[in-house]
Amino acid sequence: TYDNHAAEVQRRSCIDGWRRHGVELSDRCIGIDGWSLLLVDSASGGTAPESSAWLQAQPHERAMLLTHVPVDRPLVRSFIADVDSERDCAIYTQSRSPALFADHLAGRIRTVFTGHLHFPGLVRDGDTTFHLLDASFARGSRGPSVAIVDTGGGSVRVTSLTAPV
């Protein structure tokens with residue numbers, strides 16, 4: 001079973017470690033080559049209430065959302081269940097922020113990158129594409145993988161490569 005208390009204790013320990021190393025943990029926008037990379041903390045299975053106003057204020061033209069836990073959408077949940085029916089989508093999606101897509105992404109942000117699942121996937125929901133990223137390190141029988149993001153020509157193209165084991 002999933003121990004929420006232990007997970008929260010571990011999360012706080014990880015956050016303390018990141019802060020000791022000077023890693024910025026708040027919502028932030030990084031501008032690269034005319035793109036706005038919107039980084040939002042979702043490690044607790046949702047976004048903080050203050051993230052809502054922050055996201056609404058961000059420019060959405062040529063914006064990409066980067067968040068650890070996948071956005072809670074029926075198509076994302078269905079994909080997760082198809083790949084691993086044992087996954088609890090209350091844990092493996094942002095179930096604490098069910099309105100995130102409708103309030104801040106739909107019709108605004110077309111590209112979203114997430115991790116947390118440790119298996120790759122691509123889900124399209126309307127005009128938003130969710131890139132579910134695999135682990136970037138070798139583990140088990142799967143080799144290391146990398147996603148290459150090309151933003152040329154005003155669009156986004158993602159190529160995933162996996163090394164043989």
Interatomic spacing from [atom1] in [X] to [atom2] in [Y] - rounded to 0.5 Å:
{"X": "Asp27", "Y": "Ser42", "atom1": "CG", "atom2": "OG", "answer": "10.0 Å"}
{"X": "Ile30", "Y": "Ser36", "atom1": "CD1", "atom2": "OG", "answer": "10.5 Å"}
{"X": "Leu65", "Y": "Thr111", "atom1": "CG", "atom2": "OG1", "answer": "10.0 Å"}
{"X": "Asp84", "Y": "Phe79", "atom1": "CG", "atom2": "CZ", "answer": "11.0 Å"}
{"X": "Arg124", "Y": "Arg110", "atom1": "CZ", "atom2": "CZ", "answer": "10.5 Å"}
{"X": "Asp88", "Y": "Ser85", "atom1": "CG", "atom2": "OG", "answer": "12.0 Å"}

task: Starting from the C-alpha separation in whole Å, work towards a yes-or-no answer on side-chain contact (heavy atoms from CB on, under 4.5 Å) for Trp35 and Val156.
output: CA-CA 10 Å; Trp35 288 86; Val156 176; 3.4 Å; yes

task: Give a yes or no on whether Leu122 and Val69 share a hydrophobic cluster (residues Ile, Leu, Val, Met, Phe, Trp, Tyr; joining criterion: side-chain heavy atoms under 4.5 Å apart).
output: no

task: Look at the side-chain heavy atoms of Ile, Leu, Val, Met, Phe, Trp and Tyr, link any pair under 4.5 Å apart, and say whether Leu117 and Ile91 land in one connected group.
output: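 Same hydrophobic cluster.
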
- prompt: Once the angle between the rings of Phe130 and Phe101 is folded into 0 to 90°, is it parallel (under 30°), tilted (30 to 60°) or perpendicular (over 60°)?
  reply: tilted

Could you tell me whether the side chain of [Y] reaches within less than 4.5 Å of the side chain of [X], counting heavy atoms only?
{"X": "Leu37", "Y": "Phe113", "answer": "no"}
{"X": "Val76", "Y": "Asp125", "answer": "no"}
{"X": "Leu66", "Y": "Met64", "answer": "yes"}

task: Decide yes or no on side-chain contact (heavy atoms from CB on, under 4.5 Å) for Asp41 and His68, but give the supporting numbers first.
output: CA-CA 7 Å; Asp41 180 18; His68 182 73; over 6 Å; no

statement: Between Pro70 and Tyr92, the two heavy atoms sitting closest are CD-O, 3.5 Å

- prompt: What closest approach, in Å, do Arg77 and Ser95 show between heavy atoms, and which atom pair accounts for it?
  reply: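 Arg77 and Ser95 have their closest heavy atoms at NH2-CB, 3.9 Å.
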
- prompt: Should Leu55 and Asp103 be marked as a side-chain contact (heavy atoms from CB on, under 4.5 Å) after you check the CA-CA gap, both sets of side-chain angles, and the distance that decides it?
  reply: CA-CA 9 Å; Leu55 272 171; Asp103 291 350; over 6 Å; no

message: Can a donor-acceptor pair be found, under 3.5 Å and without considering hydrogens, that links the side chain of Arg73 to the backbone of Thr93?
response: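 Between the backbone of Thr93 and the side chain of Arg73 there is no qualifying donor-acceptor contact (under 3.5 Å).
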
- prompt: Have Ser52 and His104 got a donor and an acceptor in their side chains that come within less than 3.5 Å?
  reply: yes

Thr67 side chain to Gln94 side chain, donor-acceptor N/O pair below 3.5 angstrom: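 Short answer, yes.
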
message: Using side-chain contact (heavy atoms from CB on, under 4.5 Å), reason through Val123 and Leu132 one step at a time and then give a plain yes or no.
response: CA-CA 8 Å; Val123 177; Leu132 310 173; 4.0 Å; yes

